[in-house]
Amino acid sequence: ILAQALLHQRRFDQLFKEVHPGNLSPPVEAEIRLQLGLAHLQLGEFAEAEPLLRDAENLAPRAAAPMLGVAELLVVKKDLKGASEKANAALAIQPKNVDALRLSGEILRLQGNLDGALDRFNEVLKSNPNNLATLVSRANLLIAKNDVEGAKKDVARMTALAPKNPYGLY
């Protein structure tokens with residue numbers, strides 16, 4: 001839980017200092033490696049992120065979160081086919097996982113399937129209308145579809161929900 005909290009607060013230095021992999025039970029070890037890998041990923045330290053994320057997936061092969069961590073890495077590496085396979089595997093485990101749905105929407109958008117991506121983003125926002133990451137993803141997609149008014153509505157919603165969040169300023 002500490003690792004998740006520090007990651008969400010973007011306190012990476014403290015995360016790296018206080019949370020270390022070790023010889024813990026596989027689920028706990030997987031979670032620690034996942035959080036450390038995601039922190040490195042957010043910092044753009046892909047060489048450090050990859051072994052941690054892959055270890056997390058190997059330690060918890062039936063958990064969606066490590067698959068999504070690897071999928072995020074694969075998107076950055078421009079392996080959209082591999083990323084899509086990982087996101088779909090996560091959705092097979094948790095069909096309503098909003099992170100998996102959002103990520104699969106992003107992958108579809110990057111592959112040029114704007115309508116498929118919009119469907120995924122709308123699915124997330126139907127169950128979680130305040131999901132900032134999905135609102136920014138849908139706003140970007142709507143701009144690509146020349147729906148500037150729709151994008152403005154998503155940006156207005158983001159800034160209303162979290163006026164100081166960088167997503168709303170994006």
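Count residues from 1 along the sequence.
Follow the hydrophobic side-chain contacts under 4.5 Å out from L80 and you never reach V76; the two are in separate clusters. Cluster membership check: V70 does not share its hydrophobic cluster with I93, using side-chain heavy-atom separations under 4.5 Å among Ile, Leu, Val, Met, Phe, Trp and Tyr. Linking ILVMFWY residues whenever their side-chain heavy atoms come closer than 4.5 Å, directly or via other members, places L38 and F46 in the same cluster. No path of Ile, Leu, Val, Met, Phe, Trp and Tyr side chains, each step under 4.5 Å between heavy atoms, connects L59 with L73, placing them in separate hydrophobic clusters. The same ILVMFWY cluster, assembled from side-chain heavy atoms under 4.5 Å apart, contains both L114 and L142.
What you find for L91 and N97 is that their closest heavy atoms are CD2-O, 4.2 Å. Closest approach of S137 and F121 over heavy atoms only: CB-CZ, 3.5 Å. The heavy-atom pair separating V75 from A83 by the smallest distance is CG2-CB, 3.6 Å. Pairing each heavy atom of Q111 with each of K81, the nearest pair is NE2-N, 4.4 Å. Taking every heavy atom of both residues into account, A100 and A90 meet most closely at CB-CB, 4.2 Å. In terms of heavy atoms, M158 sits closest to A139 at CE-CB, 4.4 Å.
Shown here are the salt bridge (charged side-chain N to carboxylate O under 4.0 Å, His left out) partners of E48, two or more places apart in sequence or in another chain: there are none. Checked against salt bridge (charged side-chain N to carboxylate O under 4.0 Å, His left out), R138 has the following partners two or more places apart in sequence or in another chain: D154. Considering only residues two or more places apart in sequence or on other chains, A65 meets the side-chain contact (heavy atoms from CB on, under 4.5 Å) condition with L34.
Side-chain contact between R157 and L132: absent, with no pair of heavy atoms (C-beta onward) separated by less than 4.5 Å. With contacts defined as side-chain heavy-atom distances shorter than 4.5 Å, the pair L110/I107 does not qualify. D99 has its side chain out of reach of V124: every pair of non-hydrogen atoms, C-beta onward, lies at least 4.5 Å apart. Contact of the L108 side chain with the D119 side chain is not registered, since no non-hydrogen atoms from C-beta on lie closer than 4.5 Å. D13 has its side chain out of reach of K17: every pair of non-hydrogen atoms, C-beta onward, lies at least 4.5 Å apart.
Applying the salt bridge (Lys or Arg N to Asp or Glu O under 4.0 Å) definition to pairs two or more places apart or across chains, those involving residues 104-114 are E106-R109. Judged as a salt bridge (Lys or Arg N to Asp or Glu O under 4.0 Å), the pairs with a partner in residues 58-79 (not counting sequence neighbours) are, in order, E50-K77, E72-R102. Pairs engaging residues 140-152 under the salt bridge (Lys or Arg N to Asp or Glu O under 4.0 Å) rule: D115-K145, E149-K152 [sequence neighbours left out].
Atom CD of Q14 sits about 8.0 Å away from atom CD of Q9, to the nearest 0.5 Å.
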Pair T134-N128, side-chain contact (heavy atoms from CB on, under 4.5 Å): steps then yes or no
CA-CA 9 Å; T134 305; N128 187 350; over 6 Å; no

Taking it one step at a time, do N130 and L135 satisfy side-chain contact (heavy atoms from CB on, under 4.5 Å)?
CA-CA 8 Å; N130 297 334; L135 284 167; 5.9 Å; no

Would you check, one step at a time, whether the test side-chain contact (heavy atoms from CB on, under 4.5 Å) holds for L68 with Q94?
CA-CA 11 Å; L68 292 174; Q94 292 180 331; over 6 Å; no

Go through it in stages, so that I can follow the logic: the residues are R54 and R33, the test is side-chain contact (heavy atoms from CB on, under 4.5 Å), and I'd like the CA-CA distance, side-chain angles, deciding distance and then a yes or no.
CA-CA 9 Å; R54 294 210 183 263; R33 290 175 188 271; over 6 Å; no

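When the options L103, L125, N131 are evaluated for a side chain to side chain contact (heavy atoms under 4.5 Å, CB included) with V98, the one that passes is N131.
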